[in-house]
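Some notes on the structure that comes next.
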Amino acid sequence: MPSRFTIPVPADFVFRRDVCSYGYFLLAPNLWVPERLTLIRPLELTSGIASFAFSQPRGRGKPIRVVADRAVSKRDRDEAEPLIRRMFSLDDPDVRDFHKVDPRWKRSGRARLFRSPTFFEDLIKTVTSCNVTWPSTVGMNRRLCEVINPAFPSAGQLARKRPAMLRARCGVGYRDARIVQLAKLHRSGELDPAWLADPANSDESVFKALLALPGIGPYGAGNLMQLLGRYSRLAVDTETIRHGKATLGMTGNERQITKALHAHYDPFGRHKFRSFWFEVWQFYESKQGPAWTWEPKTTGKAFTAALLKD
DNA sequence: GGTAGACCTGGACGC
DNA sequence: GCGTCCAGGTCTACC
């Protein structure tokens, strides 16, 4: 029998805006249903996988309604809640500070960025987004869920896989060995998400630790920083360069534009990434309409600038 | 420290 | 339907 419960949210939380705020809401096992303004996704709990439908029927600041596809015990709920809070960045302490530093986003209320229930899922999603166009990232994540675990493969599961199997069945290409290595590092405790998230550790030391991971370069490390709630760095990829040229009017070669981008966003201090990202997101939405209207199978596969340019 | 080339896949394009 | 080309970060070898 399905279970229902609610999760209280901060007064400024708007479900559709804050879920549809970063591309990962379009990646499996997340399923955004625009006509119902609902996010469906399975979560792996000790008692087994349960699929949850999340929505906010009464709007801003009202609790998130959660409907599970099976009976969910108090213990299951206690286990699921921190995962859900992470996905929706419900515990972000710096929303007000961000709006103080960059008032452009105060009216729309944009500040929170969607992420995965675990850092490990964000890590693998980041690796699958490197050196590919968006439709390939969509495909890799779909197949990882279809082939290994519908609630997204755990580090333990991926650590036991043969790279060749991941390549052949999940289409991850040359990322195969790197994914297994990352899973092994996570399983052994060498890669410790709690340490990375701990505010007592400096952004500098965390960034350095991320850069040392296999398959993670400057872009990946910058992206993982924001997925850890550390917004003090940019994640420069081709989309960022495009933004520098097309929207900010920067000129020169890639290196010069990268340098100019860092200087441009420097005044936003520890909110740099958000200030940059919401400009990019606004561009996508100016082309395709509000992100919460995007159909995952059509618009959701074609929203990046590279695919929009024509 | 900087740079060239390899890595792999999906999609666009031309025939 | 097939072949070719291109886009996309990271890593290694080399200067």
Side-chain angles (χ1 to χ4, degrees), chain A residues 22-24 26-28 120-148 153 158 161-186 190-191 196 206-228 233-246 252-262 273 276-277 280-281 283-284 287-288 294-310:
Chain A
Y22 193 65
Y24 289 7
L26 295 162
L27 297 180
F120 182 72
E121 184 176 328
D122 277 337
L123 175 63
I124 300 305
K125 282 186 158 51
T126 298
V127 171
T128 62
S129 73
C130 286
N131 199 28
V132 279
T133 50
W134 183 249
S136 296
T137 305
V138 172
M140 282 185 241
N141 281 274
R142 181 176 48 77
R143 287 188 295 266
L144 283 167
C145 294
E146 282 171 1
V147 174
I148 301 172
L158 287 174
K161 291 284 175 278
R162 285 206 314 271
M165 176 269 178
L166 289 181
R167 181 181 296 224
R169 299 194 55 202
C170 302
V172 299
Y174 66 89
R175 299 162 197 79
D176 55 356
R178 294 173 192 176
I179 288 173
V180 174
Q181 268 179 290
L182 288 168
K184 285 180 175 168
L185 286 170
H186 188 282
E190 266 184 84
L191 168 54
L196 296 169
V206 170
F207 186 72
K208 220 170 143 186
L210 293 169
L211 264 184
L213 295 172
I216 301 298
Y219 163 76
N223 191 50
L224 287 166
M225 289 290 282
Q226 67 91 3
L227 292 163
L228 285 161
R233 285 169 186 274
L234 299 178
V236 180
D237 62 357
T238 48
E239 290 286 290
T240 323
I241 300 292
R242 176 208 59 78
H243 183 69
K245 284 186 192 168
N253 61 32
E254 214 174 296
R255 174 174 299 203
Q256 291 165 322
I257 291 175
T258 301
K259 208 175 154 191
L261 281 161
H262 285 295
F273 183 88
F276 152 73
W277 180 253
V280 172
W281 204 245
F283 169 79
Y284 296 152
K287 298 279 179 188
Q288 304 281 41
W294 298 355
E295 286 286 346
K297 283 187 177 160
T298 54
T299 316
K301 270 197 165 181
F303 75 90
T304 63
L307 297 162
L308 288 172
K309 66 185 175 201
D310 297 327

Less than 4.5 Å apart, any side-chain heavy atom of [X] and any of [Y]?
X: A:N131; Y: A:R175; result: yes
X: A:L224; Y: A:L196; result: no
X: A:V138; Y: A:L26; result: no
X: A:P153; Y: A:I124; result: no
X: A:L123; Y: A:I216; result: yes
X: A:Y24; Y: A:T137; result: no
X: A:T258; Y: A:L234; result: no
X: A:W134; Y: A:L27; result: yes

Open item on the list: Could you work out, with ring pair (Phe, Tyr, Trp, His ring centres under 6.0 Å) as the rule, every residue matching A:F120, not counting sequence neighbours?
Closed with: A:H186

For the pair made of [atom1] in [X] and [atom2] in [N], what is the distance, rounded to whole Å?
X: A:R167; N: B:dT9; atom1: CZ; atom2: P; result: 6 Å
X: A:R242; N: C:dG9; atom1: CZ; atom2: P; result: 12 Å
X: A:N131; N: B:dG5; atom1: CG; atom2: C1'; result: 13 Å
X: A:R169; N: B:dT9; atom1: CZ; atom2: P; result: 15 Å
X: A:N141; N: B:dT9; atom1: CG; atom2: C1'; result: 14 Å
X: A:W134; N: B:dG11; atom1: CH2; atom2: P; result: 14 Å
X: A:E254; N: C:dG9; atom1: CD; atom2: C1'; result: 10 Å
X: A:L213; N: C:dG9; atom1: CG; atom2: P; result: 19 Å

TODO: Report, as yes or no, whether the 6.0 Å neighbourhood of atom NZ on A:K184 holds more than 12 heavy atoms from other residues, nucleotides or ligands.
DONE: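 No - once you tally the heavy atoms of other residues, nucleotides and ligands closer than 6.0 Å, there are 12 at most.
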
Open item on the list: Mind checking if A:L211 touches a base, just sugar-phosphate, or nothing, with heavy atoms under 4.0 Å?
Closed with: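 The residue A:L211 makes no contact with any strand.
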
TODO: With heavy atoms under 4.0 Å as the rule, sort A:G220 into base, sugar-phosphate or nothing.
DONE: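 It contacts sugar-phosphate atoms only.
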
TODO: Please determine if a side-chain N or O atom of A:R143 lies less than 4.0 Å away from the OP1 or OP2 oxygen of B:dG10.
DONE: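 True: A:R143 side-chain N/O within range (under 4.0 Å) of B:dG10 OP1/OP2.
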
Task: Phosphate OP1/OP2 of C:dG9: any A:S129 side-chain N/O under 4.0 Å - done: no

- [ ] Within residues 172-185 of chain A, find the residues that approach DNA chain C with a heavy atom at under 4.0 Å, and present them sorted by residue number.
- [x] A:Y174, A:R178

From the set [options], return the single nucleotide nearest to any side-chain atom of [X].
X: A:R255; options: C:dG8, B:dT9, B:dG2; answer: B:dG2
X: A:D237; options: C:dG9, B:dG10, C:dG8; answer: C:dG9
X: A:C130; options: B:dG10, C:dT10, B:dC8; answer: C:dT10

TODO: State, to the nearest 10°, the angle formed by the axis through the first five base pairs of the helix from B:dG1-C:dC15 to B:dC15-C:dG1 and the axis through its last five.
DONE: 30°

